[in-house]
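These values consider heavy atoms only, across backbone and side chains, with no hydrogens, waters or symmetry-generated copies. Computed from a prediction, not measured in an experiment: that's the story for all the values here.
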Amino acid sequence: VTGVKVPPSLLSPLLSDLLTYIPQPLLLVEDIEVIAGERRAGSLSLTTVHLLDKLDGVGATGGWGILMTTNLPQLTEKALLRPIRLDELIVLSELRGKEAQKIVTYWLERYGVTGVEVPAELVDGLVAAECAALAFRIKQDLSFGKEPSLADLVAQLKRWRRVTKD
């Protein structure tokens, strides 16, 4: 269900129920790094262990597919990214100026923001999620009566990307 926040303590039982009773043979897990982040102090979270078990362990049921998305593959548990568990890994790379500009414009329109021109050369190299985040930040600034500094917002996104890569 889109837009529903599930407490972490319920994720493992919920995942088990979904994989047991899902009417379609496909499960979509967005932002997998949130529920299956890297190991902490050398151990996996119970949710990650449960997910790995459902994928190919004793609890594997088979006959269904799972589509996982992430904007932060470097924060995703490496055990999930092994070739034995993934049939295919598709990396959506950085966007070139005009492509990124179109995505920012799309999100600005969805947010009801008009009159903001985002130069293609400014957003060159952003990924799609960063384009959406930029549009959201522009909307936020405008809703608070603040004139958005596009260059500062883009620089902030790129700094954040460098921090999460390390």
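- When every heavy atom of G125 is checked against every heavy atom of E130, the shortest pair comes out as O-OE1, 4.4 Å.
- Looking at every heavy atom in both residues, P119 comes nearest to L150 through CD-CD1, 4.2 Å.
- For the pair Q156/R137, a side-chain contact is recorded, criterion being any heavy-atom separation below 4.5 Å from C-beta on.
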Are D124 and R96 close enough, and set up right, to give a side chain to side chain contact (heavy atoms under 4.5 Å, CB included), and what steps lead you there? CA-CA 5 Å; D124 185 62; R96 298 292 46 112; 3.2 Å; yes
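- The side-chain contact (heavy atoms from CB on, under 4.5 Å) test applied to E109 returns T105, not counting sequence neighbours.
- For A128 against L95, the heavy-atom pair with the smallest separation is N-CD1, 3.8 Å.
- Side-chain contact check for W107 versus F136: every heavy-atom pair is 4.5 Å or farther apart.
- Smallest separation of non-hydrogen atoms from I138 and L153: CG1-CD1, 3.9 Å.
- With contacts defined as side-chain heavy-atom distances shorter than 4.5 Å, the pair L108/V118 qualifies.
- Between L126 and C131 the shortest heavy-atom distance is CB-SG, 4.0 Å.
- At a threshold of 4.5 Å between non-hydrogen side-chain atoms, the residues S149 and D141 do not count as touching.
- Across every non-hydrogen atom of V123 and G97, the tightest pair is CG2-O, 3.9 Å.
- For K102, the NZ atom sits in a loose shell: 12 or fewer heavy atoms of surrounding residues, nucleotides or ligands are nearer than 6.0 Å.
- Residues K139 and L142 have side chains not in contact (no heavy-atom distance under 4.5 Å, counting atoms from C-beta outward).
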